[in-house]
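One structure below.
Owing to the predicted nature of the structure, the values given are computational and were not obtained by experimental measurement. Order of the sequence lines sets the chain letters (A, B, ...), proteins ahead of strands, with each chain counted from 1.
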Amino acid sequence: MKPIARPVYLDLLRIYLPLAGWVSILHRVSGALLFLALPPGVWALSLSLSSEAGFLRMAGWVTHPLSKLLLLLGVWAFTHHLFAGLRHLALDVHWGTGLSHARQSSLAVMLATGLVTLLAAWRLFT
Amino acid sequence: MKPATGAHAGTGIWLVQRATAVVLAVALPGLMAHFLLALPVDFSGWQGLFAPLWVRVLLLLTALALALHAWVGVRDIFMDYIHFTGLRLALYLAVIVTLAGSVVWLAAVLWGSA
Amino acid sequence: MKFRLYRYSPESGEKPHMQDVELDIDPVGKMLLDALLAIKAQDETLSLRRSCREGVCGSDAVNVNGKNRLACITPLGELKEPIEVRPLPGLPVIRDLIVDMEPFYRQYRSIKPWLINDGPEPEVERLQSPEDRALLDGAYECILCACCTTACPSFWWNPDKFVGPAGLLQAYRFIADSRDEATSARLDNVEDPYRLYRCHGIMNCVDACPKGLNPTEAIGRIKSLLVKRRV
Amino acid sequence: MNTRRFDALIVGGGGAGLRAALQLARSDYKVAVVSKVFPTRSHTVSAQGGITAALANVDDDRWEWHMYDTVKGGDWLGDQDAIEFMCREAASAVYELEHMGLPFSRLDNGKIYQRPFGGQSKHFGGDQATRTCAAADRTGHALLHTLYQQNIQHRTQFFDEYFALDLLRDADGYCLGVTAMSIETGEPLLIEARTTLLATGGAGRVFWNSSNAMINTGDGLGMVLRAGLPLQDMEFWQFHPTGIAGVGCLITEGVRGEGGYLLNKHGERFMERYAPHAKDLAGRDVVARAIAIEIAEGRGCGPRGDYVDIKLDHLGEKTIAEKLPGIRDLAIRFAGVDPAEKPIPVAPTAHYMMGGIPTNLYGQVVAPARFGPEEPVPGLYAVGECACVSVHGANRLGGNSLLDLIVFGRAAGKHMLEYLRDNPYPRSLPGNAAEASLARLQRWDQAGSERVAAISDDLRRLMQTHAGVFRTDAVLREGLEKLNELEGRLAHAGLQDTSRVFNTARIEALELENLMGVARATLVSAISRTESRGAHTREDFPARDDEHWLKHTLYSRAGDQVDAKPVRLKPLTVESIRPKERVY
């Protein structure tokens, strides 16, 4: 009398994700974003280096609030990926692998990323 | 079911990810400083920033490291979430094409514009 | 106190649902298991596993307000109401709070969790220095409750391929044992993009372990040994 | 009805069952283990302090001294041939566990760490010995996991979460397997085996205040009683002196072994009055009675004066972290005190059943039959807490329980191999063999006015009040009358939940039936024994009476009959240890 299909409880919105888990999933999200930004990035570079006109068009776009927002997202993604990545490298050499240290380093990554992103926002929008 | 023994693989690529991470962690902030400190510039100034050979070589090497790093990372994402082998392989191919294409494109841009 | 309990009975034909329960209980000095058993005394259709009720047998792991915990050592007073109790995430639910642990056990068995030493057995004990024995601390105490493994996203996505934190911790327990001679074979057994390298250092396992063990640390040690072996 | 066939069947996945299963699995025979919980959830996992064997790693030691201590600890009720066997086999059985990978704590010279435990002496009653081998304070956990691991290596067939119902026997009395029920599906299953071993553990859950896991419901004892076989020495229940007050979780004797001691509300180290020599490391029954007296005479601690304190902060943080980490955990969780700073409140808690299914030292179940009281029931074995070999006599020494499991688990496994060689062909099962079991299962499909949970609670309270540390004829008889009432209520009990899949209510009902049998056996046996010996303390018969009571009781369900059989005072190879007054 094997029940056919058993339900699986996996409600990601209800399951608690510790801070280290947030750092980790955001590391993945930011990495994916950076990957997706790669071809547009090369394209933008190629445009800006192609001619005076292309450069000016680029420079014009960059001042648009929407692209500033995209830029800010890029700053966040890069910073988070960098800091979280450094944290992972430390864990790989067995630094700060204890639970309390891991929590502290996660908090540090989040705070540092937030700070850099805020600075970038201030620089971009004022 | 997969037999419960390892494929004797995975360590190499894991190491590649770590090694490229170290390279990127050093090179990317350096390169960014190089460009951002010079901003804002006009077109010729902008072009000038890319003129030195070492900048272009460094950029290209960093891009290579980035491509390898991204390959491992994106592959990990697909291994985690995409369980249909055919689709996963197709996505792998797309990622490889994207990354290789981007690097080649970048090389063309850098050397074409010089 | 207010509770919300995950209820599912395969015989009812209904989908899983949450049941609101009010229980008159003084939380002082009581554990969540006491409350669940009190609820069961009122409504015996509520099913859960339990045995030692002191946190050493690993039967009563459940998801409480989002966290995987052992009901018997979770103080009732600490929990925010309504106390939501659900089965462990990512494993098939047999009924109510009872999950099918077989995917978890299968991974445990896959790491060959027994000491391998084909040398002649001495008449007395094999000697082991206190320092070598200390390497097992934090690795042998696992109670197989599955709190860690079912808190691990990598296990959720690949339960049939990823050994999971508990299994890898056990693998390390034998790798670290100075009496075990199969280190190389054990490393071979886990060196795999899925079996070992699905661990991304998320560390949910460390947060979840009710015994305060650190599977991530053990997995890191395994990776270091693999790297050392390669270079 | 589904049927599975094996050469050997083990009922129970704790230390004893797994040790026996391993012996069989290493041979070519097909062996199955039926366990109502996943094996590592068995109660062996809770054992803390250690396993006693005279390895002499720390201090001079000999198995003969261990034997003396065990005989004395059991107040001369233990069978000396079995005790000699256990103490002599102890070292090799422990070394074997070490070879299997058990992570024992170590001494600086790399040998197995040993700690002093209660009731241990050198030179036959001399100075304190240091004899209990330990893996920190998680020895049972380490042992159980090691044995389970060995069994998976040797491909033992496990029936996890199957509840054993009844023994299958033929007209000649041969045991041919058991009926069981898959807890997951509710389906009955017939498991045929040429030889069957019961390793179902204790029944401490028959008491309100108990150190035991919730699964310790005497299922094997119920099966044996229903098969018309007797239980031995069921009046002897050990109350562990140091359970966390109000909770029951154990604070290992190892705490006192490492140097902890008990205090009453005046801060007095009262054990010095009760056991001037051994003090806090006297036999468990002695310490438990002392605590009970301190509490009864108003010297207990706390607002209600219902516990005493055990102090260990003077051992220092390092010793506690290295040797007693689990205890610290338990104390913080359940008593809210960090033992590195403050004493832990403790009180006696029902802990261990010295009695059980009578066996000889090969683990064969014995029963009075045509030729005498010690006739083996063919094909049927029992080991561990459910069995009564009897090595613990009237009171078990700490550290001897894990030893009992592995020594007699191994011995039974070996003997079962011989039995299989001598009985190569399966006997045929009578057609109606499973009928009684099926009827018992179906009985719980009927509606009823009484609730199982309520009867269970009343039973535990009854036993706590009427069969506790101190007993009298009147109290016991009143308990028996109340038990009769409870049995009447049980007949009218029904389940609200009649589902099949993982119906734990049904399992609890079946467990209650087993506990009822255990309670009856305990009360009736306790009424019959008109003396005080070991853990059985009769206020109306305060003295030990060797003239009339140097014998085991044998309780049979039919007519609540209590028979007696002599204690085997003659060891195998050494001289008998003659009874004398037991002082510590």
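Using a 4.5 Å heavy-atom cutoff, the side chains of C:Leu88 and A:Tyr9 are not in contact. A:Leu12 has its side chain within reach of C:Trp156: a pair of non-hydrogen atoms, C-beta onward, lies under 4.5 Å apart.
Each of C:Ala151, C:Pro92, C:Gly66 has some count of heavy-atom pairs under 4.5 Å with chain A, and the biggest count is that of C:Gly66. Per-residue heavy-atom pair counts under 4.5 Å with chain A were compared for C:Leu91, C:Asn65, C:Thr216, and the maximum is reached by C:Leu91. The candidate with the highest count of non-hydrogen atom pairs below 4.5 Å against chain A, out of C:Asp207, C:Val206, C:Thr150, is C:Asp207.
The distance from atom NE2 of A:His94 to atom CZ of C:Arg221, rounded to the nearest 0.5 Å, is 4.0 Å. Atom CZ of A:Arg6 sits about 12.5 Å away from atom CZ of C:Arg95, to the nearest 0.5 Å. Taking NE2 of A:His88 as the reference point, atom CD1 of C:Ile202 lies at 8.0 Å (rounded to 0.5 Å). Note that the CE atom of C:Met203 and the OG1 atom of A:Thr97 stand 6.0 Å from one another [nearest 0.5 Å].
Electrostatic pairing of C:Arg86 and A:Asp11 does not count as a salt bridge here, judged by no charged N lying under 4.0 Å from a carboxylate O. Salt-bridge check for C:Lys223 with A:Asp92: failed, with every basic side-chain N at 4.0 Å or more from each acidic carboxylate O.
For A:Ile15, the parts lying near chain C are the backbone and the side chain together; criterion is any non-hydrogen pair under 4.5 Å. Interface residue C:Pro16: only side-chain heavy atoms are found under 4.5 Å from chain A.
Within 6.0 Å of the CH2 atom in A:Trp61, the count of heavy atoms belonging to other residues, nucleotides or ligands exceeds 12. More than 12 heavy atoms of other residues, nucleotides or ligands shown are found within 6.0 angstrom of CZ on C:Arg229.
A pairwise comparison of heavy atoms in A:Pro18 and C:Asn204 identifies CD-OD1, 3.2 Å as the closest pair. Contact record, A:Gly98 with C:Asn214: CA-ND2, 3.9 Å, taken as the closest heavy-atom pair.
A donor-acceptor contact closer than 3.5 angstrom is absent between the side chains of C:His200 and A:Ser24.
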